[in-house]
Amino acid sequence: MGVVVAIDEPPRKSGIEPLVALARPGMERVNQLILDKAGSDVRMIPEVANHLINSGGKRLRPMLTIASAEMFGYQGDHHIKLAASVEFMHTATLLHDDVVDESDRRRSKPTARIIWGNQASVLVGDFLLGQAFRMMVDVGSMDALDVLSTASAIIAEGEVMQLSAAKKLSTTEDDYLAVIKAKTAALFLAAAEVGPIVAGAGSDERAALRSYGLNLGLAFQLVDDVLDYGGDAGDLGKNVGDDFREGKITLPVLLAYRRGSDDERGFWKQSLEDGDNGAERLEKARALMARHGALADTIQRARHFGAIARDALAPMPATPQKDALLEVVDFCISRLN
């Protein structure tokens with residue numbers, strides 16, 4: 001059963017192409033550096049790393065670093081190493097997440113843990129984190145190192161927070177926003193802020209890009225929450241319905257649960273807390289979300305954070321990079337279409 005979400009003002013069609021085009025020269029260097037740094041004499045390490053690195057992700061986060069540095073006129077190579085560090089941090093998180101979530105598919109391919117096992121996935125993720133920090137040190141910026149190392153710690157905290165909240169329908173919306181701020185938005189924030197740092201921009205510019213990254217990350221995750229109940233696996237990067245099957249408490253679930261009848265809340269408890277979450281129950285979950293406007297309201301919250309991200313960049317000088325970063329906000333929301 002498809003779920004039609006009513007949206008008062010559909011976002012205009014937008015793409016990531018402007019950012020891709022502007023970041024392409026830098027990303028070619030980033031991609032080569034990623035391949036070099038993923039190498040190891042231990043054969044399994046590049047095998048596992050390249051399986052995920054080459055699986056077709058858009059690499060949005062490192063492109064944010066490239067664009068946010070170049071919008072302030074930076075022409076060196078430190079942003080290349082930091083962008084590669086950001087991508088390695090993201091890849092390591094995916095490897096670890098798939099083990100924690102017991103996921104079997106990512107971007108339409110078997111996860112690394114299915115092919116090589118949980119131990120290899122965790123250890124290769126640790127290797128990539130180590131390589132990321134080596135590149136950060138090579139850059140020699142304590143401010144950049146502080147931002148990215150802080151993000152790494154916050155991301156880990158967010159994953160533990162999410163694990164603690166799993167299958168707990170007593171989770172509040174504020175609790176959930178704290179989880180996604182840590183586990184998803186923290187890396188967006190760091191990716192955007194290290195650009196102006198290496199470009200030598202001022203504190204106001206750093207604050208603007210930090211706010212942009214944070215709110216873009218929140219919007220991005222909320223859109224993912226919606227797509228899990230009515231999207232496409234290609235857009236989502238994993239199987240549709242995985243959140244439901246794994247008992248994850250996301251915002252659409254919380255809204256539908258709190259707005260439902262006693263019987264409906266019983267359904268959610270049985271499905272998520274007791275693990276009764278087959279295909280038919282997924283369809284009912286989607287229907288309940290539609291009935292109570294849970295998906296539509298999650299979309300509205302995503303748009304809210306997207307608007308904050310756009311406003312954060314408003315005072316910045318007009319540049320092609322600024323325009324491209326604004327387009328990225330629309331792109332993240334337009335994935336719903």
Side-chain angles (χ1 to χ4, degrees), residues 14 16-27 29-30 58-87 89-90 132-133 135-155 181-182 184-221 304-333:
S14 178
I16 199 174
E17 290 80 10
L19 178 64
V20 171
L22 285 170
R24 182 172 289 115
M27 285 303 297
R29 298 164 65 192
V30 169
K58 295 180 177 66
R59 295 196 175 160
L60 173 58
R61 295 157 188 81
M63 286 195 290
L64 295 181
T65 299
I66 297 295
S68 65
E70 294 179 352
M71 74 182 288
F72 297 107
Y74 184 70
Q75 296 181 349
D77 64 358
H78 288 338
H79 65 324
I80 303 299
K81 292 179 180 179
L82 293 177
S85 297
V86 165
E87 183 62 13
M89 290 172 65
H90 177 54
F133 279 95
M135 288 187 283
M136 295 176 212
V137 172
D138 286 345
V139 169
S141 168
M142 287 301 296
D143 282 350
L145 178 60
D146 178 55
V147 167
L148 287 170
S149 61
T150 297
S152 181
I154 291 173
I155 291 166
K181 181 178 180 180
T184 300
L187 188 55
F188 277 85
L189 180 158
E193 186 179 3
V194 293
I197 288 176
V198 296
S203 58
D204 289 347
E205 288 78 12
R206 280 184 59 175
L209 270 295
R210 184 167 61 245
S211 177
Y212 168 83
L214 170 66
N215 287 286
L216 177 68
L218 291 171
F220 187 93
Q221 183 59 57
H304 165 74
F305 289 116
I308 297 175
R310 293 180 61 86
D311 288 344
L313 292 187
M316 297 297 100
T319 64
Q321 288 81 12
K322 174 183 174 180
D323 291 342
L325 291 175
L326 292 173
E327 286 287 334
V328 168
V329 179
D330 294 334
F331 162 76
C332 287
I333 305 298

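On a predicted model such as this, the values are computed, not experimentally measured, just so you know. Start at 1 with the first residue, then count along the sequence.
- Although no hydrogens or angles enter the test, the distance criterion places no donor-acceptor pair under 3.5 Å between the side chain of Ser211 and the main chain of Ala207.
- A donor-acceptor contact shorter than 3.5 Å links the side chain of Ser68 to the backbone of Ala192.
- Taking Gln321 as the reference, nothing meets the side chain to side chain donor-acceptor pair (under 3.5 Å) condition, with sequence neighbours excluded.
- Among residues at least two apart or in separate chains, there is no salt bridge (charged side-chain N to carboxylate O under 4.0 Å, His left out) pair with a member in residues 69-84.
- Partners of Ala185 under the side chain to side chain contact (heavy atoms under 4.5 Å, CB included) rule, at least two apart in sequence or in another chain, are Leu214, Leu218.
- In this structure, the side chain to side chain contact (heavy atoms under 4.5 Å, CB included) partners of Ala84, at least two apart in sequence or on a different chain, are Val30, Leu33, Ile34, Met135.
- For His90, the side chain to side chain contact (heavy atoms under 4.5 Å, CB included) partners are Arg61, Glu87, Leu94, Arg107, Leu187, not counting sequence neighbours.
- Here the options are Asn215, Ile308, Leu216, the test is side chain to side chain contact (heavy atoms under 4.5 Å, CB included), and the partner is Val329; only Leu216 passes.
- Of all heavy-atom pairs spanning Ala69 and Ala199, the tightest one is O-CB, 3.7 Å.
- Listed by first and then second residue, the salt bridge (charged side-chain N to carboxylate O under 4.0 Å, His left out) pairs involving residues 208-220 are Glu193-Arg210 (not counting sequence neighbours).
- The closest donor-acceptor contact from the side chain of Thr65 to the backbone of Ala191 lies under 3.5 Å.
- Pro317 and Lys322 get closest at one heavy-atom pair: O-CD, 3.4 Å.
- We find the CG-CD1 distance between Asp330 and Ile16 to be 12.0 Å, quoted to the nearest 0.5 Å.
- Residue pairs meeting the ring-ring contact (aromatic ring centres under 6.0 Å, His included) criterion with at least one member in residues 188-211, sequence neighbours excluded, are Phe188-Phe220.
- Checked options Ile66, Ile80, Val20; the residue passing with Met27 is Ile66 (criterion: side chain to side chain contact (heavy atoms under 4.5 Å, CB included)).
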request  = Any chance you could lay out the side-chain contact (heavy atoms from CB on, under 4.5 Å) test for Leu64 and Leu60, step after step, and finish with the verdict?
outcome  = CA-CA 6 Å; Leu64 295 181; Leu60 173 58; 4.2 Å; yes
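- Going from atom CG of Leu19 over to atom CG of Leu326 covers 11.0 Å, rounded to the nearest 0.5 Å.
- Put simply, CE on Met89 and CD1 on Ile155 are 4.5 Å apart, with the number rounded to the nearest 0.5 Å.
- When all heavy atoms are compared, the tightest approach of Ala219 to Ile333 is CB-CD1, 4.3 Å.
- The shortest non-hydrogen separation linking Ala208 to Ala312 is CB-O, 3.4 Å.
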request  = Please step through side-chain contact (heavy atoms from CB on, under 4.5 Å) for the pair Ser85 and Val194, ending with a clear verdict.
outcome  = CA-CA 11 Å; Ser85 297; Val194 293; over 6 Å; no
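- The ring pair (Phe, Tyr, Trp, His ring centres under 6.0 Å) check on Phe72 picks up nothing, with sequence neighbours excluded.
- Remark: side-chain polar atoms of Lys181 are not paired, donor with acceptor, to backbone N or O of Gly217 under 3.5 angstrom.
- Atom-to-atom distance recorded for Arg310:CZ and Glu327:CD is 7.5 Å, nearest 0.5 angstrom.
- One distance of note links CG of Leu82 with CG of Asp138; it measures 10.0 Å at 0.5 Å rounding.
- With rounding to the nearest 0.5 angstrom, the CZ atom of Arg24 is 9.5 Å from the CG atom of Leu22.
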query = Does the pair Val328 and Met63 meet the rule for a side-chain contact (heavy atoms from CB on, under 4.5 Å), with working shown?
reply = CA-CA 10 Å; Val328 168; Met63 286 195 290; over 6 Å; no
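- With sequence neighbours excluded, the residues satisfying side chain to side chain contact (heavy atoms under 4.5 Å, CB included) with Asp143 are Ser141, Ile197, Arg206.
- The side chain to side chain donor-acceptor pair (under 3.5 Å) check on Thr184 picks up Gln221, with sequence neighbours excluded.
- Note on residues 311-320: no pairs pass side-chain hydrogen bond (donor to acceptor under 3.5 Å, both in side chains), not counting sequence neighbours.
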